[in-house]
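Keep in mind that this is a model prediction, so the values were computed, not measured. For this chain, numbers begin at 1 and follow the sequence in order.
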Amino acid sequence: LKASGDTKKLLDDNKGMLRYLFIASQVEVAAGEGAMAILIEKAKGEKCQRCWNYSEEVGKDKDHPALCERCVKTVQ
């Protein structure tokens with residue numbers, strides 16, 4: 001997602017919630033000029049077996065290797 005000015009600040013301030021707002025596994029905000037642009041690509045990481053979102057954190061928890069960071073917190 002490319003944005004500038006106040007729009008970029010709003011998106012940066014709420015970056016942690018954007019993937020849930022846009023119902024996407026991953027959202028990145030980049031600086032840009034002019035009109036806002038959105039680029040859709042395959043998310044990085046592995047698919048969480050619980051929520052089906054893709055995350056680079058899947059596999060990092062030794063007790064729950066098939067879960068993302070959000071689901072690990074939920075099941076603990």
Side-chain angles (χ1 to χ4, degrees):
L1 178 67
K2 288 189 177 184
S4 61
D6 292 339
T7 302
K8 180 160 181 359
K9 181 176 179 354
L10 175 68
L11 294 171
D12 284 339
D13 290 348
N14 296 286
K15 188 174 181 181
M17 297 185 306
L18 293 179
R19 67 184 243 183
Y20 306 112
L21 177 67
F22 295 136
I23 310 173
S25 294
Q26 185 177 11
V27 175
E28 295 179 26
V29 179
E33 295 297 323
M36 189 180 329
I38 297 173
L39 173 66
I40 300 170
E41 298 178 320
K42 183 178 179 189
K44 298 173 189 167
E46 299 295 322
K47 186 176 181 180
C48 174
Q49 286 186 355
R50 183 175 179 271
C51 70
W52 291 19
N53 275 298
Y54 284 79
S55 172
E56 294 180 273
E57 300 298 313
V58 172
K60 291 190 176 181
D61 187 276
K62 65 180 176 77
D63 295 327
H64 305 286
L67 301 183
C68 68
E69 67 283 5
R70 183 176 173 205
C71 289
V72 166
K73 291 177 187 175
T74 301
V75 300
Q76 287 181 337

query = What's the shortest heavy-atom distance between Cys68 and Cys48, and which atoms?
reply = N-SG, 3.3 Å
ask   = Does atom NZ of Lys2 have more than 12 heavy-atom neighbours, drawn from other residues, nucleotides or ligands, at distances under 6.0 Å?
value = no
remark   = Nearest heavy-atom approach of Gly32 to Ser4 is O-CB, 2.8 Å
Please table the atom pairs, donor to acceptor, closer than 3.5 Å between any side-chain atom in residues 7-22 and protein atoms at least two apart or in another chain.
| residue | atom | partner | partner atom | Å |
| --- | --- | --- | --- | --- |
| Lys8 | NZ | Asp12 | OD1 | 3.3 |
| Lys8 | NZ | Asp12 | OD2 | 2.7 |
| Lys9 | NZ | Asp13 | OD2 | 2.8 |
| Asn14 | ND2 | Leu10 | O | 2.8 |

N/O donor to acceptor pairs below 3.5 angstrom from side-chain atoms of residues 54-62, sequence neighbours left out:
| residue | atom | partner | partner atom | Å |
| --- | --- | --- | --- | --- |
| Ser55 | OG | Glu57 | N | 3.0 |
| Ser55 | OG | Glu69 | OE1 | 2.7 |
| Asp61 | OD1 | Asp63 | N | 3.0 |
| Asp61 | OD1 | His64 | N | 2.9 |

query = Can you name the side-chain hydrogen bond (donor to acceptor under 3.5 Å, both in side chains) partners of Gln26, sequence neighbours left out?
reply = Glu28
key: ILVMFWY cluster membership beyond Val72 - transitive side-chain contacts under 4.5 angstrom   = Leu67, Val75
